[in-house]
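Step one of this worksheet: look at the structure below.
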Protein chains: 2
Amino acid sequence: MKPLHDKPERPDPARRSLDRLFELAEVLGTMMQRGMAEKGLTTARARVLWALFHEGPVTQRALATQLGVTPRNVTGLLDALQEDGLVCRKAHPTDRRATLVSLTDKGRSATAALRVGRDELAALLFADVPPDRLDTFTATLGLVTERLRAVGADSPE
Amino acid sequence: MKPLHDKPERPDPARRSLDRLFELAEVLGTMMQRGMAEKGLTTARARVLWALFHEGPVTQRALATQLGVTPRNVTGLLDALQEDGLVCRKAHPTDRRATLVSLTDKGRSATAALRVGRDELAALLFADVPPDRLDTFTATLGLVTERLRAVGADSPE
DNA sequence: TATTGTTATACTCTATAACTATA
DNA sequence: TATAGTTATAGAGTATAACAATA
């Protein structure tokens with residue numbers, strides 16, 4: 001497309017940006033996985049804790065919908081978390097088929113610790129970035145996420 | 001910390017940015033997973049193809065090191081890719097213990113298609129972003145990735 | 001003795017399908 | 001009849017450990 005003598009290594013800016021984004025996502029994922037493994041957690045289980053932390057007691061069905069996984073999957077994740085004493089199941093007050101899941105004190109502490117760890121990481125990562133540049137960065141992240149969701153919604157499953 | 005009457009919902013800018021980054025990483029991961037599933041691939045297998053596309057024929061050992069997984073894991077991934085006719089194993093010319101892995105023509109086409117798909121996505125996502133803002137975004141991604149790697153290197157496994 | 005790739009085994013996440021108890 | 005959660009089964013990714021062939 002472009003003359004070869006003009007910086008042949010320079011790829012398209014959009015491609016470059018998305019490639020960097022993938023790279024960051026991968027490094028970030030690996031790092032978080034390692035950090036959670038030290039706390040005896042996995043990504044999937046942490047997602048459950050996170051959901052319960054923000055949504056309060058919910059049925060397993062609701063949890064499955066929110067996490068985008070099957071009810072069967074939720075059963076397994078909760079079994080593991082319950083064995084570790086992080087969540088507890090209670091009978092639903094009116095619907096005897098359903099189960100209400102909530103965090104135990106231990107589960108709440110563990111989730112709060114995740115939050116703290118994430119904040120510390122954020123402080124480290126963005127220490128050097130000037131406030132206005134950080135704002136632009138955050139806004140662009142939001143814009144791209146929105147756009148990505150729109151693209152995904154186009155191909156309906 | 002701050003007076004409550006001052007936008008109580010406004011979190012720390014760094015936290016907000018990292019949270020958005022996690023959100024984007026999750027959406028992006030889900031989307032790519034879905035896209036690759038349509039092509040009969042998984043994330044792990046695509047990573048193998050990607051590595052072979054860029055590194056040329058390598059031993060399984062080198063592949064394991066580069067991907068950050070165990071040699072056993074590589075064996076399984078290659079078995080699957082070979083069954084689909086995407087990679088081939090050849091005897092190493094000088095070391096009779098080792099195996100050289102490379103992409104087949106079909107594998108090369110499939111990987112090139114991934115590249116094209118990614119470029120199309122990039123064009124869609126960043127269509128609205130002005131060039132200078134995109135540059136800043138990309139640079140910040142790079143900076144954060146670097147910083148993240150430095151943090152990870154601190155805790156040496 | 002060290003290294004390459006494999007077999008053996010196990011754990012986690014994920015899915016579908018069939019089943020039970022309730023609604 | 002439909003829904004909530006479970007059992008049963010399966011497949012993918014990952015890991016460790018033991019082993020064979022080769023260096």
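Chain naming here is simple, since letters A, B, ... match the order of the sequence lines and numbering starts at 1 in each.
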- [ ] Please state how far atom CG in A:Asp79 lies from atom P in D:dT6, giving the value in whole angstrom units.
- [x] 7 Å

TODO: Find the distance B:Asp84:CG to D:dG11:P and express it as a whole number of Å.
DONE: 15 Å

Task: Contact pattern, 5' to 3', of nucleotides 14-23 of chain D - B, S or - by protein heavy atom under 4.0 Å - done: BSB----BBS

Open item on the list: With salt bridge (charged side-chain N to carboxylate O under 4.0 Å, His left out) as the rule and sequence neighbours excluded, what pairs involving residues 138-152 of chain A come up?
Closed with: A:Arg147-B:Asp128, A:Arg149-B:Glu23

Open item on the list: Between A:Ser17 (side chain only) and A:Pro13 (backbone N and O only), is there a donor and an acceptor less than 3.5 Å apart?
Closed with: no

Open item on the list: Closer than 3.5 angstrom, by distance alone: can the side chain of B:Thr99 be matched with the main-chain N or O of B:Ala91 as a donor-acceptor pair?
Closed with: no

Open item on the list: Closer than 3.5 angstrom, by distance alone: can the side chain of B:Lys106 be matched with the main-chain N or O of B:Asp84 as a donor-acceptor pair?
Closed with: yes

Open item on the list: Among residues 52-67 of chain A, which ones have heavy-atom contacts with DNA chain D below 4.0 Å?
Closed with: A:Thr59, A:Gln60, A:Arg61

TODO: Nearest whole angstrom, please: distance from the P of C:dT4 to the CZ of B:Arg89.
DONE: 16 Å

Open item on the list: The test is side chain to side chain donor-acceptor pair (under 3.5 Å); show your working for A:Thr140 and B:Arg133 and say whether it passes.
Closed with: CA-CA 8 Å; A:Thr140 309; B:Arg133 184 168 159 189; 2.9 Å; yes

Task: Criterion side-chain contact (heavy atoms from CB on, under 4.5 Å) on B:Thr104 and B:Gln82, from CA distance to verdict - done: CA-CA 9 Å; B:Thr104 62; B:Gln82 195 170 23; over 6 Å; no

Task: Whole-Å gap separating P (D:dA12) and CG (B:Leu78) - done: 15 Å

TODO: Give the nucleotide from the list C:dT6, C:dT12, D:dT6 with an atom nearest to the side chain of A:Arg45.
DONE: C:dT12

Open item on the list: For B:Leu148 and A:Leu121: C-alpha separation, side-chain torsions, deciding distance, then whether side-chain contact (heavy atoms from CB on, under 4.5 Å) applies.
Closed with: CA-CA 9 Å; B:Leu148 190 56; A:Leu121 180 62; 4.0 Å; yes

Open item on the list: Could you measure the distance from the CG atom of A:Leu21 to the CZ atom of B:Phe126? Nearest 0.5 Å is fine.
Closed with: 6.0 Å

Open item on the list: Quick check on D:dT6: is either OP1 or OP2 less than 4.0 Å from any side-chain nitrogen or oxygen of A:Thr75?
Closed with: yes

Open item on the list: Expressed as a whole number of angstroms, how long is the span from B:Arg34:CZ to C:dT14:P?
Closed with: 16 Å

